[in-house]
Amino acid sequence: MTVWLRGDHLVRRSGPVARRPDEPVLLIESESFARKLPYHPHKLILLFSAMRHFRDELRDDGRPVRYQRAATFEDGLAAHFEATPDDTLVTHRPQTESAQSRLESLVADAGGTVEFVADERFLCSPSQFDDWCSSDGRYRHEDFYRFMRRETGYLMANGDPVGGEWNYDDQNRETPPDGWTPADPPQFEPDDVTRNVVEWVETTFEGSYDERPYGGDWADPDPFRWPVTRRQAVRALDHFVTNRLPEFGPYQDAMLEDEWAMSHSLLSTSLNLGLLGPAEVIERAIAAYEDGDAPLNSVEGFVRQVLGWREFLRHVYRREMPELGEANQLGASEALPDFYWDGDTDMACLSDVVDEVRERGYSHHIERLMILANFGLIYGVEPAQLNRWFHAGYVDAFHWVTTPNVVEMGLYGAGVFATKPYASSANYVDKMSDYCSGCPYYKTKTTGDGACPFNALYWDFLDRNEETLRSNHRMGLMYSHVDNKSDEELTEIRERATEIRDMAAEGEL
Ligand code: SF4
């Protein structure tokens, strides 16, 4: 038997590596995987560097490791079974049954067999989640989160939430005062292993995609900043809890042009690769609260991200695929504007956020939801296209993360857990950011020269989707404002929305 670790399962302290200490380990580095999408170079560097470091650490501990570099997974598996005929691989269960069937076929075709074991990168097991939602078959994140708080006992006291409330969102929507600067997040200097990967990624993949992503000007692989080892990931966790967690909560929804990280944890890459486990990051944050080093609103907001949202999305994805991947209940059919790749737009908010993604493969969750996805929603981008863009461009993106977040939460593709579309005009962007003050578009204008594109697109979105959305009781207030618009205003809005789409298609927005 051999433990087969796929690249997003770099876990030593639990899972099959820990449970089968006498068995060798197989890792396969597949070039064809890296060519599936025009991935951000930092995403490829992160994945392959973390895999190679993991290999080296296991070997340093005396564990036999076969590190198979191959053109395809098929080739990598064939080479393994040629060297070890009739071997059985043990690997963590993928997120969906169809992915499991694909892996079984791949291994069978290569001449071996595969056994699946639980994915221990998460706290809630599939059966636990299925039991939880069997009562009415609906997914409500807030209910799930409370269920997980009770199940784990995190931030609970005698059966009640610590502090008396389940969440402190009302304290977590502030914008920072002028002159506020968060603590700089740690940057991890590439060592020789990472530098080799940077060079290999650059020479192997730049210019190799049929498309010309990032405007044909591939995002710069240098400087690369993400943790690629468990030791670095733990340092990142320590740094966050000590230096940024106290201010994470109040400013978690705010956006500043000059502060790409704000006080966010930046731990998603390490969690999603298995370098950190969810329990340890939650427990570190709670310990900071109990020691008086971080306020409850910050700690609870962070715990909700990891214990609630991350676990919830994983199971919704598991249960709703493959339909969720193609879901498009609003019939949105616009092509993704080119500026998502090259940042070439006068809209200050979109230009800045896309530039952040081009530079680091990252932007924080409100920029993802309320700038990038919100614009896609009101513009009418086909959900699968935006999902693909997120998956290619973000260092922490895996299908189980992006599909529910983008297709459902961002673009209201299916209505399986989102109770309404997260559509907003410039009003929200202006309230939560400093973008509008430096933007050539007028945030208060809806139509006419220089009017902010978010405004006409917002009203046009409500207008053109009225048949589907008006009956949603959570949309009542929005439609009461639509009802206050005259026919003449609505005609001008529709014309402006068409003009915006034409400008975007011409690269002139
Ligand atoms: Fe974005 Fe409109 Fe504000 Fe410009 S005015 S930054 S386009 S929301």
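Values in this document were obtained by computation on a predicted structure and should not be read as measured data. Note: hydrogens, waters and symmetry copies are ignored here, and every other heavy atom, side chains too, is used. Ligands are counted one by one from 1 in listed order, and the atoms in each one are counted from 1 as well.
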Any chance the rings of Tyr458 and Phe454 have centres within less than 6.0 Å?
-> no

Which residue holds the protein heavy atom closest to atom 2 (Fe) of ligand 1, what is that atom called, and what is the gap in Å?
-> Cys452 SG, 2.3 Å

From the candidates Phe375, Tyr435, Tyr441, Phe454, the one that places a heavy atom nearest atom 5 (S) of ligand 1 | Tyr441

State yes or no: are the ring centers of Trp132 and Phe144 separated by less than 6.0 Å?
-> yes

At what distance is the nearest protein heavy atom to atom 1 (Fe) of ligand 1, and which residue and atom is it?
-> Cys349 SG, 2.4 Å

When you measure from atom 4 (Fe) of ligand 1 to every protein heavy atom, which one gives the shortest distance, and what is it?
-> Cys439 SG, 2.3 Å

Does NZ or CZ of Lys43 lie under 6.0 Å from the centre of the six-membered ring of Phe398, at an angle within 45° of the ring axis?
-> yes

Nearest protein heavy atom to atom 3 (Fe) of ligand 1, by residue and atom, and its distance?
-> Cys436 SG, 2.3 Å

Please state whether the rings of Phe302 and Phe240 are parallel, tilted or perpendicular, taking 30° and 60° as the class boundaries.
-> tilted

Taking the six-membered ring where the residue is Trp, are the ring centres of Trp309 and Phe417 under 6.0 Å apart?
-> yes

